[in-house]
Structures are given as C-alpha cells and as structure tokens.
Amino acid sequence: MSQAFDLLLVGLLIACAIAVIRTKDLLGATIIFSAYSLVMCLIWLHRGAPDVAMTEAAVGAGVTTVLFLVTIGRTVRRER
Amino acid sequence: MKRALTAAFLVLVSLPLLYAMSQLPQHGSATSPAYTHIAPRYLERGPEEAGAENVVTDVILNYRGFDTNGEVTVIFTSLAAVFAVLLAGREGDERSASEPRARTTPEVSPVASFVVRLLSPFVAIFAVYVVMNGHISPGGGFQGGTVFGALLILATVVLGKATAEKLQPARIRGLLQAAAPLTFIAVGVAGLIMFGDYLAFPKAAALAWVRTLWLIVIEIGIGVGGASIISAIFWQMGGDR
C-alpha cells in the first residue's frame, strides 16, 4: 500500500516535470512547478523527512513561485 | 590553441576527481561507513551529546555545523549576487523611473487584504514556533525563516512595501541580512575561546543546557537572516510594483 502510494507520487512528479517543460504559457508552467514542489513535499514527508518537507513546501511551493511570478510580471508571459 | 588547452586542463582536473569517485563506497551499500557506525551513533547518542531532541538539528547544527556555516554563507552570498546584478543597471533605470511613470499599484481586493491582516499574527507566531522549537520537533531556522519571509512578501503585496519594511529598520537591515553567518561565526568563536575549537560545543553532561542554548541561538540567527534575505530579494526584484 505504502509502496503504491510512493509510486503514485513519483508518477505525478514525473508528469508535473514533463508538463512544466512542455507548457508554453510561463504562468501556467510556474503554477505546475509549484504543484511539482507540493508533490515532492509529500514524497519527503512519506519517506520520513519532515524537516526537508517543510523547507520544500515553504521554499519550493511558496517563495520560488512568488519570485517566478514577479519575474513574469516584469518580463513576458509567453515563451518564445 | 586556447580551446585545446582548456580541454586538456579539464581532462587533467577531472581524472583525479573521477579516481576519487571510484574509491567511494557503492551507493546504497550496507557496508559504507554512513550505515555501519555513523548513523547509528547519531541516532543513539545525538540527543544527549549534541543538545537537541530532533536528530536532524543535531546533525546540521552540531555534528556538521561547519557545513551549515558554509551553507548560510552561501545563502548570504546569493543575496549579494542578486544585489550586484540587479543594482548594476539600476542607475539609469532610476532616472527614467523618476519621470512621471505612474506607479500602477493595483487595487488589492478587500477580501484578500482582510484575510492577510487576519492571518498575519498567526503566521508570525507559527514562524517563531518553528524556529524556537526546531531542536525538539521538525523545523528550525531555515524553515521558520522562510515562513516569516513569505509573511513579509504577503504583507508587501497587500499592505504595501512601506508597511512591510518597518519590520526591518533601515539602520540595521544589513545586519539582519547577515544575521545567519554572523551568529554562526559568533558561536564558533565563542567555542574557540571557551572550549578550544571553532564551533566546539561543551562536552560535559552538566552543560547540556549550553548546547541547547547555542543551538537555539544559531536557529534564531538563521531564521532572522533567512527571512530578511528572502524579503530583500523580493523587494530588490521590484516585487512591490
């Protein structure tokens, strides 16, 4: 059961990673990237590393996303 | 010619590195030192020896304190790099910005504004809790600092930069941003003076409270520094506009 949950999470992670690369809309890509971080956070938590999970949630899903959004706001939204 | 020299140099450098790699224990091998005696010792004696219930804190701040010292310095350096890159083109930018380019601060919805005002104290308390309780439960300076930095970003977006910046008085902002490496070095030098080694923690069982106190001091330093650096990068990138 636990193994199946891990596999599901890793599958989701890979799907998110591929989606980030393929999305041409950078705003969308940023949001998918933050979802990637959340999945990664769940994996850390499930593997028994709550300290890393907290960092991943705060930095990966939170601060990095905000910095990306600021950058998009000051540049362009579409990938060329 | 230059390219060939570069290639030769790279090969020359990579050979000893690759050789060293080949001498490392097999990845995941049960006989590597990490599994035979290092991890068991950390788990068995960490709490009494290093001063924190949370073994992760023991490892990153005490056993591997030197590594973490370098790590917080790297984070501070990243802030310096952001400042160097973004301030380089700022001179001309500032002049053109002083033209009546109307600052289009978008109206923040009253709902978002109210929710952020309502939640801020709780987020702040949570951040302090994560920092101060890092030696007992999961968490610590890095995590709590990031939570507080996120709160500063939220406050900037909703309440404006001026309000958020009041939390970091301009006079001591530089000190706050360098808080993590500075506290680390202060604790390290204190260890050098009192116990004879940089970052040495007292070993006597009676001094367990000193070990815990030092861990908390470092955690607070990392937390303050982390929060200041995150908000400073956000402000420097012009996130308030």
Side-chain angles (χ1 to χ4, degrees), chain A residues 2-7 9-11 13-14 16-17 20 25-80, chain B residues 43 52 54-61 68 71 75 78 82 86 89 93 104-106 123 126-127 129-131 133-157 219 222-223 226-227 229-241:
Chain A
S2 179
Q3 194 96 42
F5 187 56
D6 261 354
L7 281 176
L9 285 180
V10 171
L13 193 73
I14 295 172
C16 283
V20 169
D25 180 359
L26 292 177
L27 185 62
T30 306
I31 292 166
I32 299 170
F33 193 55
S34 114
Y36 170 96
S37 287
L38 281 177
V39 174
M40 198 66 220
C41 165
L42 284 180
I43 294 180
W44 290 125
L45 205 56
H46 197 234
R47 302 307 299 174
D51 289 80
V52 189
M54 283 178 89
T55 315
E56 180 76 44
V59 178
V63 175
T64 315
T65 309
V66 170
L67 292 184
F68 276 138
L69 289 181
V70 172
T71 313
I72 292 174
R74 292 175 76 77
T75 53
V76 287
R77 187 174 156 178
R78 303 288 307 179
E79 193 177 319
R80 274 173 291 183
Chain B
L43 290 177
N54 181 7
V55 184
V56 176
T57 306
D58 284 335
V59 173
I60 64 169
L61 293 188
T68 314
E71 202 173 298
I75 295 178
S78 78
V82 167
L86 290 185
D93 186 28
T104 48
T105 315
V123 177
F126 178 66
Y129 166 79
V130 169
V131 172
N133 221 35
H135 59 294
I136 299 169
S137 60
F142 290 109
Q143 291 89 341
T146 323
V147 171
F148 201 81
L151 176 66
L152 284 174
I153 291 178
L154 262 183
T156 310
V157 172
E219 297 270 36
I222 295 177
I229 288 176
I230 286 170
S231 51
I233 292 180
F234 181 73
W235 291 331
Q236 195 58 49
M237 285 174 71
D240 52 313
R241 282 172 270 184

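Labels below follow one simple rule: chain letters A, B, ... track the order of the sequence lines, proteins then strands, and each chain is numbered from 1.
Interatomic distance, A:D51 CG to B:Q143 CD, rounded to the nearest 0.5 Å: 5.5 Å.
Only the side chain of A:V63 has a heavy atom closer than 4.5 Å to any heavy atom of chain B.
Residues B:F234 and A:V70 share a closest heavy-atom pair of CE1-CG2, 3.4 Å.
Ranking B:A150, B:G139, B:S137, B:G134 against chain A, the residue ahead of the rest is B:G139, based on heavy-atom pairs under 4.5 Å.
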